Amino acid sequence: MNPLMAARAYAQAQGTGGATAGAAAAGGGPEFSQLLSNVMGDMTQQTRAAETNMTQAVQGQGSMIDVVTSISSAEASLQTVIAVRDQVISAYQEIMRMPI
C-alpha cells in the first residue's frame with residue numbers, strides 16, 4: 001500500500017470518490033499537512049461519536065445498531081490513520097537511507 005492508495009481509500013470511505021486524491025496528486029489539492037489534519041480530525045470526530053453512542057446505549061437511550069455502526073466507522077478511520085502513519089515512517093526511513 002502506498003500513500004496515494006491510502007488517500008484514495010480514505011476518499012472512498014468518505015464518499016467523495018477518488019476525485020480528491022487525484023486532485024491532490026495533480027498538485028491542485030490540499031497540502032499534505034492539511035490532509036493529515038483532516039484525517040486526524042475525522043478520526044477524532046468518529047471516535048467521539050462512537051463514545052457518545054455507547055454512552056447513550058448504556059443509559060438505555062440508544063440502539064445497539066447505532067453503536068456497532070459508529071464503532072465500525074471509528075475503526076475504519078483509525079485504520080486509515082495507521083496506514084498513513086506507516087507509509088510516512090517508511091518513506092522517512094527510505095529517505096534516511098539515501099546517500100548524500
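In this text, all values refer to a predicted model and were calculated from it rather than measured experimentally.
For Thr44, the side-chain hydrogen bond (donor to acceptor under 3.5 Å, both in side chains) test picks out no residue, with sequence neighbours left out.
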When the side chains of residues 62-75 are checked against the rest of the protein, which donor-acceptor pairs come out under 3.5 Å, sequence neighbours left out?
{"residue": "Ser63", "atom": "OG", "partner": "Asp66", "partner atom": "N", "Å": "3.3"}
{"residue": "Ser63", "atom": "OG", "partner": "Asp66", "partner atom": "OD2", "Å": "3.2"}
{"residue": "Thr69", "atom": "OG1", "partner": "Ile65", "partner atom": "O", "Å": "2.8"}
{"residue": "Ser70", "atom": "OG", "partner": "Asn53", "partner atom": "ND2", "Å": "3.2"}
{"residue": "Ser70", "atom": "OG", "partner": "Asp66", "partner atom": "O", "Å": "3.0"}
{"residue": "Ser70", "atom": "OG", "partner": "Val67", "partner atom": "O", "Å": "3.0"}
{"residue": "Ser72", "atom": "OG", "partner": "Val68", "partner atom": "O", "Å": "3.0"}
{"residue": "Ser73", "atom": "OG", "partner": "Gln46", "partner atom": "OE1", "Å": "2.5"}

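The CD atom of Gln45 sits 13.5 Å away from atom CE of Met40, with the distance rounded to the nearest 0.5 Å. Here OG of Ser77 is found 11.0 Å from CD1 of Ile82. Values are rounded to the nearest 0.5 Å. Here the straight-line distance linking atom CD1 of Ile100 with atom CE of Met98 works out to 11.0 Å at 0.5 Å rounding.
Annotation: Glu94, atom CD; neighbour count of heavy atoms from other residues, nucleotides and ligands within 6.0 Å does not exceed 12.
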